[in-house]
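Notes to accompany the following structure.
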Amino acid sequence: MKKRKSILDIAGMKNSGEKISVLTAYDYPFAQLMDQAGIDIILVGDSVASVFSGYENTLPVTMDEMIYHTKPVVRASEQALVVADMPFMSYQVDQSDARRNAGRLIKEAGAQAVKLEGGVNIAETIAAITAIDIPVMAHIGLTPQSIHRMGGFKVQGRQDAQARQILADAKAVEEAGAFAVVLEGIPASLAAEVSAALNIPTIGIGAGPDCDGQVLVIHDILGLCDKYSPKFVKRFADVRQTISDGISDYIGEVKSGTFPAEEHSFK
Ligand code: KIV
């Protein structure tokens, strides 16, 4: 049995200059594959709402659904730190709600940390959760749960005032006790500045190469979704075509009667 990484190991990686690898997973097989490949952190992202459930954005996913998806990821992984996303409206109403829901992801689902979106506006909630010894990964910049405020998935921090706000958000979540922060959809130069200003690791997605680590959605890097793919995604494999070919071959062989053959039949 391998030793699972802790938030201390992740902090140590920033100090030693080793880049932190993060991918999303929502089920047992993908979590097992990435854990065995040596991923540092598995994020059970609320992106499950889009890439697994087919919603237009992340807002509809519920606490019970996040717990359902986190459990198999924890069971499948031995060495990666598992972080579970707190879904929209599971932490915004009040702090006791936030603590209870963060606690459910740790106690019922088995995650080792939770992630929530927001900066200065959510810092007190991060402090309330970390005060009960639940590690928090923060998420600032383009925060998908704020889609209606942002008017779409748009790069944040291009104007000076916005950039200053993002820097203030980063400092606020660090002060509140977050062990790491996701920087999403911000200019690379701003992400570099934030990464240099913080002691905690920054994990970038659409934030350039100077973050302390990188995160992407597993369905995006494997080409599993047919929807629009953002500029920051690199496709490392084309699994959709392989799956589609396999399904077509199966249908063809059932129709033609070539499957099942003798070797697939009992005597
Ligand atoms: O939900 C998610 O997958 C995320 C990452 C893309 C950072 O929050």
Side-chain angles (χ1 to χ4, degrees), residues 10 19-27 30-31 34 39-63 65-70 73 80-92 101-102 105 109 111 113-119 122 126 135-147 150 152-156 166 169-170 173 178-186 191 194-195 200-208 211-222 224-225 227-236:
I10 302 302
K19 294 276 189 185
I20 302 160
S21 59
V22 188
L23 277 172
T24 66
Y26 322 100
D27 62 26
F30 276 123
M34 58 185 76
I39 198 83
D40 296 312
I41 299 178
I42 303 178
L43 171 66
V44 188
D46 59 358
S47 51
V48 67
S50 319
V51 298
F52 179 88
S53 301
Y55 291 113
E56 268 186 20
N57 56 52
T58 58
L59 303 186
V61 70
T62 65
M63 266 306 296
E65 287 165 340
M66 290 308 300
I67 288 171
Y68 176 81
H69 285 282
T70 302
V73 169
L81 180 82
V82 177
V83 179
D85 252 342
M86 296 194 68
F88 181 59
M89 294 311 284
S90 69
Y91 58 95
Q92 287 91 343
N101 285 321
L105 289 166
V114 301
K115 177 167 83 57
L116 49 87
E117 297 181 9
I122 217 74
I126 294 176
V136 173
M137 177 181 274
H139 184 160
I140 62 173
L142 192 172
T143 44
Q145 291 179 16
S146 317
I147 182 169
M150 296 182 303
F153 297 109
K154 296 179 179 156
V155 174
Q156 304 292 300
I166 288 170
D169 286 338
V173 299
F179 76 92
V181 56
V182 170
L183 306 179
E184 178 164 356
I186 64 173
V194 171
S195 302
I200 57 171
T202 58
I203 310 293
I205 173 164
C211 299
D212 302 303
Q214 297 291 330
V215 57
L216 282 175
V217 169
I218 185 68
H219 290 59
D220 289 339
I221 71 159
L222 298 182
L224 262 170
C225 291
K227 287 187 188 157
Y228 153 83
S229 177
K231 174 183 164 78
F232 57 79
V233 169
K234 178 170 175 184
R235 194 165 278 192
F236 287 83

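In each ligand, atom 1 is the first atom listed, and ligand 1 is the first ligand listed. Numbers for residues simply follow the sequence, beginning at 1. As the structure is a computational prediction, the values presented were derived from the model and not from experiment. Atoms considered below: every heavy atom in the structure, side chains included; atoms not considered: hydrogens, waters and symmetry mates.
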- Task: Would you kindly specify which portion of Val48 sits under 4.0 Å from ligand 1, judged on non-hydrogen atoms: side chain, backbone, both or neither?
- Result: neither

- Please write down residue, atom name and distance for the protein heavy atom closest to atom 8 (O) of ligand 1. Lys115 NZ, 2.8 Å

- In Å and rounded to the nearest 0.5 Å, what is the CG to CD distance from Leu183 to Gln156? 12.5 Å

- Query: Can you check whether Ser47's main-chain N or O pairs, donor with acceptor, with Thr58's side chain at less than 3.5 Å?
  - Reply: no

- For the student: nearest non-hydrogen atoms of Ile42 and Ala80, plus distance: CG1-CB, 3.7 Å

- Message: Looking at every heavy atom in both Pro201 and Asp212, which two are closest together, and how far apart are they?
- Response: CA-OD2, 3.4 Å

- Message: Does atom CZ (Phe153) have a neighbourhood of more than 12 heavy atoms from anything else shown, all under 6.0 Å?
- Response: yes

- Mind checking whether Tyr26 and His69 have parallel, tilted or perpendicular rings, split at 30° and 60°? perpendicular

- Task: Of the side chain and backbone of Thr24, name the one, both, or neither that has a heavy atom under 4.0 Å from an atom of ligand 1.
- Result: side chain

- Query: Nearest to atom 4 (C) of ligand 1, what protein heavy atom do you find, and at what distance?
  - Reply: Leu43 CD2, 3.6 Å

- Task: Decide yes or no on side chain to side chain contact (heavy atoms under 4.5 Å, CB included) for Phe88 and Glu117, but give the supporting numbers first.
- Result: CA-CA 9 Å; Phe88 181 59; Glu117 297 181 9; over 6 Å; no

- Item | Ligand-residue contact atoms, ligand 1 with Asp85, heavy atoms, under 4.0 Å | 1 (O), 2 (C), 8 (O)

- Message: Could you identify the single nearest non-hydrogen protein atom to atom 2 (C) of ligand 1 and state the distance to 0.1 Å?
- Response: Ser47 OG, 3.3 Å

- Taking only non-hydrogen atoms of Gly45 and a 4.0 Å limit, the atoms of ligand 1 in range are 1 (O), 2 (C), 3 (O)

- Item | Sub-4.0 Å atoms of ligand 1 with respect to non-hydrogen atoms of His139 | 7 (C), 8 (O)

- Query: Which ligand 1 atoms, with their elements, are less than 4.0 angstrom from a heavy-atom of Ile205?
  - Reply: 6 (C)

